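These figures come from a predicted structure and were not determined experimentally. Chain letters run A, B, ... following the sequence lines, proteins first, then strands; residues in each count from 1.
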2 protein chains.
Amino acid sequence: MPVTLKEVAERAGVSRSAVSRTFTDGASVSEKMRTKVEKAARELGYSPNALASSLTTGRTKLIGLVSNNFHNPIFLEVFDLFTRGLQDRGLRPLLVNLTDERDPENSVRMLRQYSVDGVVVASSTLPPEFALAFRDAGVPVVHSFGRASSSPKVHVVGIDNVETGRMAARALMARGYKHVAFLGGPRDATSTQDRHKGFVEEMALHPDVRLTESFAKAYSHEAGRKEMLRLLDDQPAEGYFCGDDVLSIGVLSAIKDKGLSCPDDIGIIGLNDMEMSRWENIDLTTIHQPIKQIVNSSIELMVAMLDEPDRYPEARIFPCSVVERGTLPELPA
Amino acid sequence: MPVTLKEVAERAGVSRSAVSRTFTDGASVSEKMRTKVEKAARELGYSPNALASSLTTGRTKLIGLVSNNFHNPIFLEVFDLFTRGLQDRGLRPLLVNLTDERDPENSVRMLRQYSVDGVVVASSTLPPEFALAFRDAGVPVVHSFGRASSSPKVHVVGIDNVETGRMAARALMARGYKHVAFLGGPRDATSTQDRHKGFVEEMALHPDVRLTESFAKAYSHEAGRKEMLRLLDDQPAEGYFCGDDVLSIGVLSAIKDKGLSCPDDIGIIGLNDMEMSRWENIDLTTIHQPIKQIVNSSIELMVAMLDEPDRYPEARIFPCSVVERGTLPELPA
DNA sequence: TTCGTTTTTGCAACCGGTTGCAAAAAGCTA
DNA sequence: TAGCTTTTTGCAACCGGTTGCAAAAACGAA
């Protein structure tokens, strides 16, 4: 059983308020009082109960961190950045795994029971309704890796997925391919839809080039591999823009399995530039998504919202860029 | 601002206790009262404040999930299993990232401020002092993937790392190698020490076989790759037991880089059998660590401890087994 | 219908803190 | 040293719940 304020007060021979004040910064306490209380606290090994104080202050410093894809290694990087960034600001992440959860209300209720100060939805595949549900419940929310609507209802930090689609198309066109393909992530994810849109738009400028399209069931290795194995049975394209990196790696695995080689037989460009894509035995050409900036910006936004809950929603969009590696042929000079 | 108990009580025209009771199971409430209160609660959109109730019950249902390696993909699997398993039991994981944290006291203080009901230390590299510090603070603790001491001070769930070392040695010996090597993880991790011990012990039975040893700085791709590149400049062994899977993959990358091939020039066996090792373009021969069982058992143990805090500490050890894949030559028939 | 039992309900105190307010102490000026 | 300000301190109420206890209500038996 932990030491309480009252015990410290008794030992120091002062009132409970005095103890409370020495532990709240900005409160008025004399130097003499402070040292006396701190001494007693140290001797007793006291540290204040954050949850009890939240009752009166209305602040728990708890932030819900909501995600749904625990099979995509990029989220390990995302969790690392979020946990450290939040910790550095004295906030604590309450991790929520929404795999298999379809009802936003459910998660809202759960996080509200814990009076989280805010919620970060970190996912490009969760429908916008989740972020909205939190907003409607009066909880500050940031949707990281979400879609930047033109009239955003919630704060969004991420990238312009339509533009990345165009970028990928241009990268493939630069190779002179005559048949390219879009192999997207799950159809209902806004990120997939936007990347698809941009890709198709850009390809419309090249009516002579054949374009095929398909979609994997998830942003995962297995889904990418399965879909590609299917495609390879038919008439595969020369170059593929894959939904994301982990999906790309699944695709690479399928290509290798069929005895084909990348980039000689088939070229691949992914999206994310996760750590693994840099590994020399993967060496994936991909579009860099600045996740560090996105996460840090999300955290800053969250912190700002804690002081200003009705802050006007904004979209923060970070530019991406192609990282040339080994899964597309070298560019002609 | 959320609805409170009091408001529900007023609307239903009953006492606050009555409302409280309808939301605590096992409490005595008449059917009539229950429906009346539930109606009012529904209309107001009330859900009880878990933190406030924790004040009197002494239970927050918050579990600290402590880890320090966010660069090893296996931990994404571990987080997935933990978050889901805890959620299923009505518990909530408070994620703590201990990268760069050297002082156990610090993390203890932090988690105590949030009155977590228990702590799971999920790491094979954190020194036992961390788990001990929690225990000494009177917080139920399970060390998952920790070392099973003969006189355990805290609950440990994991594998017999010494035995895995022996296993790996036998697997390499079965290939008839005359020069094998141990390429461990960080020297100060108990898991590294134990795997090393077992490996050396088993190799002592083969005095004719040359044995070399080295250690990478972390269980990470980069560390494995760096160390292997260094080793390859000298006189490499024929077969390597690598600290874990992600390290193995780093090693594979180094091998490929030097124009060598695996398993023809050099054989590799890892440890963990993480999802990625099954990927066809990695196809790592490795020792399977039953992480699903370990995680679930850890959770069960934690749940048991919540009811029985002074439960006598036990070690739960799960057997491992070699998974034959593509990075060791096929076994002679 | 009455009386003893059992169940249901409300009161009030408490969990571990915070905070507005007024009294007490300290500081300053003359 | 008196008189006025400013700072420090303690009191007491409150945050949103829970719970032991006793009163009230419902039940059952005679």
Exercise for review: For the residue pair A:Arg109 and B:Ser47, confirm or rule out a side-chain donor-acceptor distance under 3.5 Å.
Suggested key: no

**Study point:** Residues forming a side-chain hydrogen bond (donor to acceptor under 3.5 Å, both in side chains) with A:Arg59, sequence neighbours excluded
**Key:** none

Review point. When you check the gap from the basic side-chain N to the acidic O, do B:Asp80 and B:Arg84 get nearer than 4.0 Å?
Key: yes

Review point. Does the side chain of A:Tyr219 come under 3.5 Å of the side chain of A:Ser191 through a donor N or O and an acceptor N or O?
Key: yes

Practice item. Using a strict cut-off of less than 4.0 Å between a Lys/Arg side-chain nitrogen and an Asp/Glu carboxylate oxygen, indicate whether B:Arg11 and B:Glu7 qualify as a salt bridge. Key: no

Exercise for review: Kindly say whether the aromatic ring centers of B:Phe70 and B:Phe79 come within a distance under 6.0 Å.
Suggested key: yes

Point to revise | Pairs flagged by side chain to side chain donor-acceptor pair (under 3.5 Å) wherever residues 127-139 of chain A is involved - sequence neighbours left out | key: none

**Study point:** Atom-to-atom span, NZ of B:Lys61 to P of D:dG17 - whole angstrom
**Key:** 15 Å

Quick test: give all pairs of protein nitrogen or oxygen and nucleotides 19-24 of chain D nitrogen or oxygen below 3.5 Å, distance rounded to 0.1 Å.
from, atom 1, to, atom 2, distance (Å)
D:dT19, O4, B:Ser17, OG, 3.3
D:dG20, O6, B:Arg21, NH2, 3.0

Practice item. Specify the separation, in whole Å, of atom CG of A:Asn49 and atom C1' of D:dG16. Key: 14 Å

Practice item. Starting from P on D:dG17, measure out to CG on A:Leu55 and report it in whole angstrom. Key: 8 Å

Point to revise | Set of side-chain hydrogen bond (donor to acceptor under 3.5 Å, both in side chains) partners for A:Asn69, sequence neighbours left out | key: none

Study note, to complete from the structure: Exactly one of B:Asp117, B:Leu91, B:Leu94, B:Leu55 clears side-chain contact (heavy atoms from CB on, under 4.5 Å) with B:Thr60, and that residue is B:Asp117

Point to revise | Integer-rounded Å distance: C:dG16 P and A:Phe23 CZ | key: 16 Å

Review point. Which whole-number value in Å describes the distance from B:Glu10 CD to C:dG10 C1'?
Key: 15 Å

Exercise for review: Give, ordered by number, those residues of residues 28-36 of chain B having at least one heavy-atom distance below 4.0 Å to an atom of DNA chain C; if nothing qualifies, reply none.
Suggested key: B:Ser28, B:Val29, B:Ser30, B:Met33

Check your understanding: In terms of the angle between their ring planes, are B:Phe75 and B:Phe145 parallel, tilted or perpendicular, with boundaries placed at 30° and 60°?
Key -> perpendicular

Exercise for review: Among the candidates C:dG10, D:dG16, C:dG17, find the nucleotide nearest to the side-chain atoms of A:Ser53.
Suggested key: C:dG17

Practice item. Round to the nearest Å and state the distance from A:Lys6 atom NZ to C:dC14 atom P. Key: 9 Å

Review point. For A:Asp25, does the CG atom sit with more than 12 other heavy atoms under 6.0 Å from it, leaving out its own atoms?
Key: no

Study note, to complete from the structure: Students should find that the end-to-end axis angle of the helix from C:dT1-D:dA30 to C:dA30-D:dT1, with five pairs defining each axis and rounding to 10 degrees, is 30°

Exercise for review: Would you tell me if any nitrogen or oxygen in the side chain of B:Tyr114 comes within less than 4.0 Å of OP1 or OP2 on C:dG16?
Suggested key: no

Check your understanding: Rounded to the Å, how far apart are B:Leu51 CG and C:dG17 C1'?
Key -> 13 Å

